[in-house]
Undergrad: 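The structure follows.
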Amino acid sequence: MSGIFQVSEAVSLALHGMGILALAGKRMRVREMAEAVEASEAHMAKVFQRLVRAGLVGSVRGPAGGFELSKKPSEISLYAVYRAIEGDIRPKSCVLGLGRCPFRECMFGDFPDRVYQEFADHLKSRSLGDLVGFEEKTSGRGWIDGSQDNAQDNNHRQG
């Protein structure tokens, strides 16, 4: 039996890669992100191209190129990242994977729908800023300028 919902490897790479970008606060090459999460560089590149098409990251070519967040981390919900890769969160027709139910109504009732809704609500309520644990002091793409000070402040708070 499969789980009620599953998070694909592509979604995992997107969420982790975006978190790494937010934490770094600077443009990064796909190789750096792939190494950080021990993933295939080719798979990470494909995932990030989808994030570019969704407008969540920008891409710069050349020697100083790489990927960068298109908005402040606090303005990018985890749901937006998930949706860019998988689309909207919807329950499967049958939790058990059956093509046709032999019963009049599902033995699980509306439980799978509630679980999916709670998962979606959680992702919608959290941002990359929440994930990496700092608040940006500036607006627009300039948030990068203060990120190192914020990251150091976080280390002192956690330590």
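For reference, positions follow the sequence shown, starting with 1. Note that the coordinates shown come from a computational prediction; the quantities given were computed from them, not determined experimentally.
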Undergrad: Can you name the closest pair of heavy atoms from Gly19 and Val132 and give their distance?
TA: O-CG1, 3.3 Å
Undergrad: Once rounded to the nearest 0.5 Å, what's the spacing between atom CD of Glu38 and atom NE2 of His16?
TA: 11.0 Å
Undergrad: Following the transitive rule for hydrophobic clusters with a side-chain heavy-atom cut-off under 4.5 Å over Ile, Leu, Val, Met, Phe, Trp and Tyr, establish whether Leu98 and Phe103 coincide in one cluster.
TA: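 The answer is yes; both residues are in one hydrophobic cluster.
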Undergrad: I need the minimum non-hydrogen distance between Phe48 and Met33, along with the two atoms involved.
TA: CZ-SD, 3.6 Å
Undergrad: When rounded to the nearest 0.5 angstrom, what distance separates CG in Leu21 from CE in Met28?
TA: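 One gets 6.5 Å once the value is rounded to the nearest 0.5 Å.
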Undergrad: Could you measure the distance from the NZ atom of Lys46 to the CD atom of Glu41? Nearest 0.5 Å is fine.
TA: 12.5 Å
Undergrad: Side chain of Arg27, backbone of Gly66: donor and acceptor closer than 3.5 Å?
TA: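 Checking the backbone N and O of Gly66 against the side chain of Arg27, no donor-acceptor pair under 3.5 Å is found.
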Undergrad: Measure the spacing between CZ of Arg53 and CD of Gln49 and express it to the nearest 0.5 Å.
TA: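 Arg53 CZ to Gln49 CD: 6.5 Å, rounded to 0.5 Å.
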Undergrad: Between atom CD1 of Ile76 and atom CG of Leu69, what is the distance when rounded to the nearest 0.5 Å?
TA: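 Nearest 0.5 Å value for the CD1-CG distance: 4.5 Å.
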Undergrad: Where is the tightest heavy-atom contact between Ile20 and Ala36, given as atom of each residue plus distance?
TA: CD1-CB, 3.5 Å
Undergrad: Output the distance between atom CD (Glu9) and atom CD1 (Ile85), rounded to the nearest 0.5 Å.
TA: 11.5 Å
Undergrad: For Val37 and Met44, what are the C-alpha separation, side-chain angles and deciding distance, and is it a side-chain contact (heavy atoms from CB on, under 4.5 Å)?
TA: CA-CA 10 Å; Val37 296; Met44 184 70 88; 3.4 Å; yes
Undergrad: Any chance you could lay out the side-chain hydrogen bond (donor to acceptor under 3.5 Å, both in side chains) test for Gln117 and Asp113, step after step, and finish with the verdict?
TA: CA-CA 6 Å; Gln117 189 59 54; Asp113 291 332; over 6 Å; no
Undergrad: Taking side chain as C-beta onward, heavy atoms only, is Val7 less than 4.5 Å from Phe119?
TA: yes
Undergrad: Quick check: are there more than 12 heavy atoms from other residues, nucleotides or ligands sitting under 6.0 Å from CZ of Arg31?
TA: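 No, because the 6.0 Å sphere around CZ of Arg31 holds 12 heavy atoms or fewer from other groups.
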Undergrad: Give the minimum heavy-atom separation between Leu13 and Ala39, together with the two atoms involved.
TA: CD2-CB, 3.4 Å
Undergrad: For Ala84 versus Leu51, what's the shortest heavy-atom pair and its separation?
TA: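 Heavy atoms only, the tightest pair is CB-CD2, 3.9 Å.
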Undergrad: Taking side chain as C-beta onward, heavy atoms only, is Leu15 less than 4.5 Å from Leu131?
TA: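 Heavy-atom side-chain distance check fails, nothing below 4.5 Å.
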Undergrad: For residues Val52 and Ser59, report the shortest heavy-atom separation together with the two atoms involved.
TA: CG2-CB, 4.0 Å
